[in-house]
Structures are given as structure tokens and as C-alpha cells.
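Provided herewith is a single structure, encoded as C-alpha cells, for subsequent inquiry.
Atoms within a ligand are numbered from 1 in the order they appear, just like the ligands themselves.
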Amino acid sequence: MSESIKAGVLGATGAVGQRFIQALENHPWFEITSLAASERSAGKKYEKAANWRLESKIPDSITNMEVVPVDPKKVDADVVFSALPAGYAKTVEAEFAKEGFAVASNASAFRMEEDVPLVVPEVNADHLGIIDVQQDNRGWDGYIVTNPNCSTIIMAPTLKPLMQFELESIQVATMQAVSGAGYDGVASMAILDNIIPYIGGEEEKMETEPLKLLGEFDGSQIVFADIDISASCNRVPVMDGHTEAIWARMADDPSPEQVKEAFINFKPDLGDLPTEPDQVIIVREEADRPQPRLDRNMGNGMSVSVGRIREGIRYTAMGHNTIRGAAGASVLNAELLHKMGKL
Ligand SMILES: NC(=O)C1=CN([C@@H]2O[C@H](COP(=O)(O)OP(=O)(O)OC[C@H]3O[C@@H](n4cnc5c(N)ncnc54)[C@H](OP(=O)(O)O)[C@@H]3O)[C@@H](O)[C@H]2O)C=CC1
Ligand SMILES: N[C@@H](CC(=O)OP(=O)(O)O)C(=O)O
């Protein structure tokens with residue numbers, strides 16, 4: 001793996017695009033070769049086009065890189081990471097896949113399409129097998145792989161180890177950070193001193209995406225898991241980090257101690273991927289953890305912290321929504337694809 005893989009970022013100037021750049025800076029396998037954004041940004045140097053919002057500085061290697069339009073003919077890359085708005089992603093990601101690019105998408109556009117893998121490597125790496133079906137169906141030289149919605153992805157790694165206890169139903173209430181809506185997504189006058197008990201489309205995603213993630217790939221299709229999920233999603237005045245109160249009903253009725261052991265022992269073998277955290281699920285013993293401000297950067301933002309595991313079974317999960325929930329998730333998917341020889 002000495003030769004670097006050329007990586008493009010679609011939507012490179014946005015909130016998630018910036019997280020992609022951060023995740024790819026100094027990456028041992030990927031090198032940023034193209035940054036693409038809207039006509040507003042195309043033709044400008046990256047530092048002029050992007051309103052950089054992260055605490056780290058813009059990497060020197062891309063400061064003067066010219067932003068190109070989101071067009072397969074203008075992008076030089078083997079893999080493109082997509083942080084585009086979902087409506088636009090629907091057309092454009094297909095064009096890139098048709099032209100032979102591997103598309104690792106963070107957008108919702110293709111997540112629930114039958115022949116498109118929706119993957120969290122620690123949960124359902126084998127679903128990547130459906131890429132062959134996708135390429136046959138669509139006649140594409142490239143392909144699209146997606147990661148879930150940021151709230152789904154924080155809950156999903158905690159559900160996987162619960163499957164051994166015959167998981168039957170989930171109820172979840174989220175407390176989601178403002179960064180999930182993008183920089184201009186929620187006005188400060190709306191969210192300060194406040195909670196907004198509605199995030200458009202979020203509850204539907206949380207109630208359906210886990211069924212695909214926890215489903216079985218039978219060689220030709222993904223058979224969805226049979227679990228009843230009910231979600232209530234709320235926006236809270238936190239910058240980064242989605243917190244979720246989860247109630248899980250299981251036929252085997254495990255004790256809190258058994259659930260805790262299952263979380264701690266959940267160590268999927270992905271073959272040591274660069275973005276993989278040492279511990280996927282971190283169990284906190286303190287009565288008042290996890291908390292977004294204290295725990296969101298655990299495992300470089302890729303771990304999910306869990307606490308308050310009680311009879312019921314009830315517990316609280318928390319993770320970084322723009323790292324584990326967005327850019328880090330797509331990069332981890334691409335690392336797995338590379339390991340499988342698919343890049
Ligand atoms: N924020 C989050 O926590 C999460 C976001 N997502 C998803 O990731 C995607 C990006 O979100 P986010 O970064 O917050 O969005 P932003 O609005 O911050 O960024 C959008 C990016 O897409 C570009 N873009 C917008 N419209 C067009 C267009 N018509 N043609 C070409 N480029 C365009 C913008 O370019 P320009 O700057 O030139 O306008 C910008 O680079 C969305 O699908 C979102 O749902 C998923 C999970 C979490
Ligand atoms: N809706 C999420 C972020 C998001 O963009 O989700 P999706 O990738 O499913 O569109 C939030 O506001 O926190």
C-alpha cells in the first residue's frame with residue numbers, strides 16, 4: 001500500500017466537506033487531488049472559497065488548490081467522498097459512478113436503494129458484496145457506497161451486540177447538536193435557551209436505516225432485520241455530539257451487566273484500518289456520562305460512548321456527529337474498500 005490513492009471531495013467547502021479534508025490530511029493511503037463545490041466556489045483557491053470553521057488550520061497542501069465544479073470530467077480521483085446536499089447528490093453521484101469512480105457518500109440520496117450498500121464497517125462490512133449486484137444492475141464501471149444518517153450511526157454499533165439477545169424493539173429519543181444542520185442550518189436566535197422538538201425526516205431515517213444495517217446480505221439482496229423502532233428527534237444547543245436515550249427490548253431479557261459485557265467485548269476485526277478506533281463502544285461507569293463536551297472526541301471522534309445502562313434495558317449513547325456520524329464514517333468505508341481490493 002505504498003502508492004497513494006487519489007481522493008476527491010465533493011462539497012469540499014461545506015461543514016462535512018471540511019471534516020473530510022481534516023480526516024484525509026496526512027492519511028496513510030489517500031491523497032487529496034480534487035476539491036469540488038458549486039459554481040459559486042469553482043475557479044477560486046480553496047482558502048478563498050471555503051469559510052473554514054474548524055479549530056485546526058486549512059492544510060498547507062490544499063490552501064491554494066483550485067476548486068473545480070462537481071463534474072466527473074473535472075475531477076481527478078480514484079475515490080470521491082461526497083458531502084453534497086441530498087437532492088443534488090441523487091443525480092451527481094450516479095454520474096460519477098457511471099464514469100468509473102468509487103463514490104463514498106455521506107448523503108442520504110442512495111442509502112435505501114436496494115442495490116446500494118449502507119455500511120458501518122463494524123456492523124455490516126459483508127454488505128459491500130452487493131456492489132457487484134449494483135454494477136450489474138446499472139451497468140456502472142464505478143459504484144456508490146453510503147454511510148447512515150448521523151443519529152442512526154451513533155445508535156447502530158450499540159444495537160449490533162444486542163442482536164445476540166434477540167433484539168425485538170427500540171425506542172430512542174435524540175438530543176442532536178446544531179452542527180448536524182450545517183453552519184447556517186439553525187439560527188442562533190432559534191436554538192439558544194431552547195430545544196426544538198423536530199428535525200425534518202430524521203425520525204423516519206432512524207426508524208428505517210438500522211433495519212437495513214442489521215439485515216442479512218444473502219448474496220443477491222439485503223433482507224431487512226425485523227425490529228420495531230420508534231424515534232423522537234430533538235435539536236439542542238450543543239455544538240457537536242449527538243446524545244441518544246435508548247430503550248431496548250430483547251426476548252432473552254439480559255441483565256444490565258450482560259449488556260455492559262456485550263458492549264465492552266464488541267471488537268470487530270477489520271484488519272487495523274487507519275480511521276478505526278481502538279474501542280468502538282466505550283462504556284462509562286460514572287452516573288453522569290456520556291456528555292458531548294467531554295466525550296465526543298474519544299477515539300479521535302470515532303468511538304461511541306455509552307453509559308447509564310439500567311434495567312429495562314435503558315442506556316445513553318453519544319458520538320461525534322460530523323466525524324463518526326459523517327466524514328469519518330465515509331473514510332472508514334473507503335479504507336475497508338481498499339483493504340478488500342475494490343479501489
Ligand atoms: N452536518 C452533518 O452533521 C451531517 C451532514 N450530512 C449530509 O452531508 C451533506 C452535506 O452537509 P453539510 O456539509 O452540512 O452542508 P453544507 O451546506 O455545509 O455544504 C454543502 C456543500 O455542497 C456544495 N453544494 C451545494 N449545492 C451545490 C450544487 N448545486 N452544486 C454543487 N455543489 C453544491 C456547497 O458548495 P458551495 O460552498 O460552493 O456552495 C458545499 O461545498 C448533506 O447531504 C447532509 O445531509 C450527513 C450527516 C451529518
Ligand atoms: N439531519 C442530521 C444531519 C443530516 O444531514 O442527516 P442526513 O445525512 O441523513 O441528511 C442532523 O440534523 O443532525
Side-chain angles (χ1 to χ4, degrees), residues 8-23 34-54 66-72 74-75 80-93 95-96 103-112 118 120 146-156 174-186 191 196 198-210 231 233-236 238-244 292 296 301 319-330:
V9 181
L10 312 181
T13 49
V16 176
Q18 294 182 19
R19 285 289 183 193
F20 271 121
I21 289 167
Q22 195 178 48
S34 279
L35 298 172
S38 77
E39 294 299 337
R40 178 193 73 77
S41 306
K44 294 181 186 163
K45 288 185 174 169
Y46 185 77
E47 71 169 343
K48 298 281 181 224
N51 198 350
W52 189 259
R53 304 280 183 193
L54 301 182
E66 184 180 315
V67 177
V68 296
V70 183
D71 175 346
K74 307 279 185 196
V75 170
V80 288
F81 294 97
S82 171
L84 292 168
Y88 185 58
K90 190 82 190 186
T91 341
V92 166
E93 290 180 359
E95 285 170 11
F96 274 83
V103 181
S105 176
N106 179 60
S108 58
F110 284 93
R111 284 180 196 149
M112 297 305 282
L118 174 66
V120 178
T146 62
N147 56 259
N149 162 273
C150 45
S151 296
T152 304
I153 204 168
I154 285 154
M155 180 169 71
T174 69
M175 290 149 273
Q176 298 183 217
V178 289
S179 61
Y183 188 80
D184 294 320
V186 186
I191 195 67
I196 301 171
Y198 173 71
I199 300 173
E202 199 78 356
E203 288 155 0
E204 292 80 358
K205 289 174 189 169
M206 283 201 86
E207 290 171 0
T208 53
E209 291 180 9
C233 296
N234 306 280
R235 185 78 67 199
V236 298
V238 165
M239 281 291 285
D240 289 312
H242 288 358
T243 306
E244 305 178 0
R296 62 191 166 208
H320 200 302
N321 55 302
T322 58
I323 301 180
R324 169 51 89 165
S330 292

Can a protein heavy atom be found under 4.0 Å away from atom 15 (O) of ligand 1?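 Answer no: nothing from the protein, no heavy atom, is under 4.0 Å.
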Decide whether an N or O pair under 3.5 Å exists between T322 and ligand 1. no
Y88 to ligand 1, any heavy atom closer than 4.0 Å: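 Flag set, Y88 near ligand 1.
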Answer with side chain, backbone, both or neither: which part of S179 has a heavy atom less than 4.0 angstrom from an atom of ligand 1? backbone
Using salt bridge (Lys or Arg N to Asp or Glu O under 4.0 Å) as the criterion, list what pairs up with E209, not counting sequence neighbours.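 Here the qualifying residues are R111.
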Does the protein place a non-hydrogen atom closer than 4.0 angstrom to atom 6 (N) of ligand 1?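 Yes.
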Excluding sequence neighbours, so at least two apart, what forms side-chain contact (heavy atoms from CB on, under 4.5 Å) with T208? M112
Please report the shortest heavy-atom distance between N147 and G325, naming the atom on each side.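 Heavy atoms of N147 and G325 come nearest at ND2-O, 4.3 Å.
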Heavy atom under 4.0 Å from ligand 1: found in A36's side chain, backbone, both, or neither?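 Neither; nothing of A36 gets under 4.0 Å from ligand 1.
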Atom 44 (C) of ligand 1: protein heavy atom closer than 4.0 Å? no
Examine R40 against ligand 1 and note whether any of their N/O atoms are separated by less than 3.5 Å. yes
A quick test of your reading: do over 12 heavy atoms of other residues, nucleotides or ligands sit less than 6.0 Å from NZ of K44?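 Yes, because the 6.0 Å sphere around NZ of K44 holds more than 12 heavy atoms from other groups.
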Please list, chain by chain and in numerical order, all residues satisfying salt bridge (Lys or Arg N to Asp or Glu O under 4.0 Å) with K90, sequence neighbours excluded.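 Per chain and number, K90 pairs via salt bridge (Lys or Arg N to Asp or Glu O under 4.0 Å) with E113.
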Specify whether the nearest protein heavy atom to atom 41 (O) of ligand 1 is under 4.0 angstrom away. yes
Using a 4.0 Å heavy-atom threshold (strictly under), name the region of T13 that reaches ligand 1: side chain, backbone, both or neither. both
Amino acids contacting ligand 2, non-hydrogen cut-off under 4.0 Å: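 Contacting ligand 2 under 4.0 Å are N106, R111, N149, C150, Q176, G180, A181, I199, E202, K205, R235, H242.
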